[in-house]
Asks: 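Could you have a look at this structure, given as structure tokens, before my questions?
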Number of protein chains: 2
Amino acid sequence: MDAIRGDIRSSDFPLTGEFLAGRLREHLDQDDLNYIEDLIETVEEHGDGTRLLETGDVTNKSTMLIEGYVFRTIESGDRRYIVGIQVPGDFVDLHGFALKRLDHSIVAAGPVKIGSVSHESLRTVMQDRPNIARAMWFATLLDASIHRKWIQILEQLDAPKRIAHLYAELHTRLELIGRTVPRALRTPFTQLDLADMCGVSAIHANRAVGKLRELGVAEIRRGDLYTDDWDRLKRYARFNADYLYGDGALKLDEGWN
Amino acid sequence: MDAIRGDIRSSDFPLTGEFLAGRLREHLDQDDLNYIEDLIETVEEHGDGTRLLETGDVTNKSTMLIEGYVFRTIESGDRRYIVGIQVPGDFVDLHGFALKRLDHSIVAAGPVKIGSVSHESLRTVMQDRPNIARAMWFATLLDASIHRKWIQILEQLDAPKRIAHLYAELHTRLELIGRTVPRALRTPFTQLDLADMCGVSAIHANRAVGKLRELGVAEIRRGDLYTDDWDRLKRYARFNADYLYGDGALKLDEGWN
DNA sequence: ACAGAAAGCTAACATGCGTCAATAGACCTC
DNA sequence: GAGGTCTATTGACGCATGTTAGCTTTCTGT
């Protein structure tokens, strides 16, 4: 009830359903997808920077991102560190269903549309729809796999390559939900956002963006990336998409329940 | 069957059960713990550096660490990046139960003792013991929380503080399973291991260890850390244990099944 | 159209970290 | 206990990144 804060611009409009359940999609049939759509009880829009969930919050519902991007952030000192990004179709706080309090905050990156599912409904899912429950567990494991990749990226790459890798990852994730356009990737990220994702200062993020431009790898303007050659960008960033399990590596062959 | 490689030094000896199920422990009763102990079908010992599981492996059993430490590693270029550490009582590849292939490797850090649970048994657990299934899901969510903290640490701290934070985390995790000694924390880590965890060169890890010594924060000799003042070390590393959910933040108050 | 605010850009200098080279200490094997 | 190997250590130099300061461009609201 109080977990969602910020300015609500409108609410209660229809879901497209087009990409609903995002990466869970290929593991589920139409019946499952309808079932998930029915779980969503309320839909809201929020503006840029809205703090949707706060570190330490105890929730009684979970949030699915329908439109836009959100950041997972950890605050320390007086600075913000971005530890993850979610794209449409992702549940942003499924872990809040099993863990009492949240270990990080969720902040809107640009305008967002979100749907809410009560934990009570999720409990019913766990009971009645093992397929969907399994797909949801898969989704949290996929988040963990992405976290591990981010750790490696921070350990291995310099700032320009980190930024390139970030966009490469987003491009692949958006491809998986059919949300890409040919030669660009549009985001509302500022250079400060990029800096907070890459663990560098805003000024150095600016240098890094400049280097990508200079090298001809990509042109980034106000968050929007333009490139004629995604393959080159991905090679430059040493990007390998395996960790995103785009081929649907959920074990469904052997029913558990 | 072939997922476990390396030199097996002995096998088939009794479990102590003392810390069995590690961080799951406080969420389970003695009956549950006995049940888990019975799940473990084989116990093996392996030497330092043994590659227990390989990126891309498809497994039909999951591994619990009983003694020692293991690294989660991602290899890229010709270098190894450590993206996580497990301590006794942790399942190291529960995600291999839901995901077809593994996104990273598991390598023994020093000598280890591990137990194996078949995925067939786990399927039975999911059906018959919702309490335990829940605790296992919790364990994978806790891993994700630790991953997020590592991301933040890499973004925020310099090398000396990263090393201090690493030992602070291990100290707290070992406390949770009753495995600490007063003024020290013994590990088999080399400075190269520390470097691969912190994303710096081995030489810089050496400088960082030197700085901790110089500052009087801690003395690290061949992986073993000595300090008279854990609080000071934790303050120096800006360590806050909340992300480890040591108070047992699993939502058990409302049964799901 | 204008003014203020937010975001992007540039330069100069300090520090963290990588690399190379060389040495010293610890452990292992015989 | 001698030799070899792995690990730890030190110094010199260069690049990556942080910090401060100031400036320019773009957005936004009126």
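Letters A, B, ... mirror the listed sequences (proteins, then strands); counts begin at 1. Heavy-atom basis, side chains included; hydrogens, waters and symmetry copies ignored.
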Asks: Hey, does Ala159(B) reach any base, or is it just sugar-phosphate, or nothing, if we go heavy atoms under 4.0 Å?
Replies: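 Sugar-phosphate contact only - Ala159(B) comes under 4.0 Å of backbone atoms but never of a base.
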
Asks: For Asp48(A) and dA5(C), give me the distance from atom CG to atom C1', rounded to whole Å.
Replies: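 Going from Asp48(A) (CG) to dA5(C) (C1'), I get 14 Å.
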
Asks: Side chain of Gln191(A) only, please: which of dG16(C), dC9(C), dT7(D) is the nearest?
Replies: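 Between dG16(C), dC9(C), dT7(D), the one nearest the side chain of Gln191(A) would be dC9(C).
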
Asks: Rounded off to whole Å, could you give me the CG-to-C1' distance for the Asp196(B) and dC17(C) pair?
Replies: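 Distance, rounded to whole Å: 15 Å.
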
Asks: Give a yes or no answer on whether the side chain of Asp196(B) reaches the backbone of Asp193(B) with a donor-acceptor pair at less than 3.5 Å.
Replies: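 No; zero donor-acceptor contacts below 3.5 Å.
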
Asks: At a heavy-atom distance below 4.0 Å, what parts of residues 205-212 of chain B sit against DNA chain D?
Replies: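 Going residue by residue through residues 205-212 of chain B, the ones with a heavy atom under 4.0 Å of DNA chain D turn out to be Asn206(B), Arg207(B).
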
Asks: Rounded to whole angstrom units, what separation is found between the CD atom of Gln156(B) and the C1' atom of dG18(D)?
Replies: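 It works out to 14 Å between those atoms.
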
Asks: Expressed in angstrom and rounded to an integer, what is the separation of Arg213(B) atom CZ from dA8(D) atom P?
Replies: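 After rounding, the gap between these two atoms is 10 Å.
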
Asks: Need one value for Gly199(A): base, sugar-phosphate or nothing, where a base atom within 4.0 Å counts as base even if backbone is also close, heavy atoms only.
Replies: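 Counting heavy atoms under 4.0 Å across all strands, the contact made by Gly199(A) is with sugar-phosphate only.
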
Asks: Rounded to whole angstrom units, what separation is found between the CD atom of Glu155(A) and the P atom of dG16(C)?
Replies: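 So the CD-P distance, Glu155(A) to dG16(C), works out to 20 Å.
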
Asks: Do His95(B) and His104(B) pass the ring-ring contact (aromatic ring centres under 6.0 Å, His included) test, and can you show the C-alpha distance, the side-chain angles, and the key distance before you say yes or no?
Replies: CA-CA 11 Å; His95(B) 53 302; His104(B) 61 282; 5.1 Å; yes

Asks: Taking any heavy-atom pair under 4.0 Å as a contact, classify Ser201(B): base, sugar-phosphate, or nothing.
Replies: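 Since a base atom lies under 4.0 Å of Ser201(B), the category is base.
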
Asks: Within the pair Arg222(B) and dT9(D), is there a side-chain N or O less than 4.0 Å away from OP1 or OP2?
Replies: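 Checking Arg222(B) against dT9(D): no side-chain N or O falls below 4.0 Å of OP1 or OP2.
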
Asks: Starting at atom CD1 of Ile203(A), determine the distance to atom P of dA14(C), rounded to an integer number of angstrom.
Replies: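 From Ile203(A) CD1 to dA14(C) P: 16 Å.
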
Asks: Output the rounded distance in Å from CG (Asp224(A)) to P (dA7(C)).
Replies: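 Distance check: Asp224(A) CG to dA7(C) P gives 14 Å.
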
Asks: Out of dG18(D), dA8(D), dG16(C), which nucleotide sits closest to the side chain of Val200(A)?
Replies: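 Between dG18(D), dA8(D), dG16(C), the one nearest the side chain of Val200(A) would be dG18(D).
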
Asks: Given atom NE2 of His204(B) and atom C1' of dT15(C), what is their separation to the nearest angstrom?
Replies: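 Going from His204(B) (NE2) to dT15(C) (C1'), I get 10 Å.
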
Asks: Under the salt bridge (Lys or Arg N to Asp or Glu O under 4.0 Å) rule, what do Glu219(A) and Arg221(A) come out as? Steps first, then yes or no, please.
Replies: CA-CA 6 Å; Glu219(A) 167 82 21; Arg221(A) 283 202 308 267; 3.5 Å; yes

Asks: Arg221(A) side chain N/O closer than 4.0 Å to the phosphate oxygens (OP1, OP2) of dC9(C)?
Replies: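 So the side chain of Arg221(A) is outside the cut-off, no N or O lying under 4.0 Å from OP1 or OP2 of dC9(C).
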
Asks: Using atom types as modelled and distance alone, determine if a side-chain donor or acceptor of Asp158(A) lies under 3.5 Å from a backbone N or O of Lys161(A).
Replies: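 Yes, because the side chain of Asp158(A) sits within donor-acceptor range (under 3.5 Å) of the backbone of Lys161(A).
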
Asks: Salt-bridged, Asp103(A) to Lys149(B), with N to O below 4.0 Å?
Replies: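 Salt bridge between Asp103(A) and Lys149(B), a charged N being under 4.0 Å from a carboxylate O: no.
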
Asks: Hey, are Ser105(A) and Thr55(A) close enough side-chain-wise for a donor-acceptor pair under 3.5 Å?
Replies: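 Note: Thr55(A) and Ser105(A) side chains meet the donor-acceptor criterion.
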
Asks: Mind telling me whether Phe189(B) and Tyr167(B) have parallel, tilted or perpendicular rings, with 30° and 60° as the class edges?
Replies: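 The arrangement is tilted - the two ring planes meet at 30° to 60°.
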
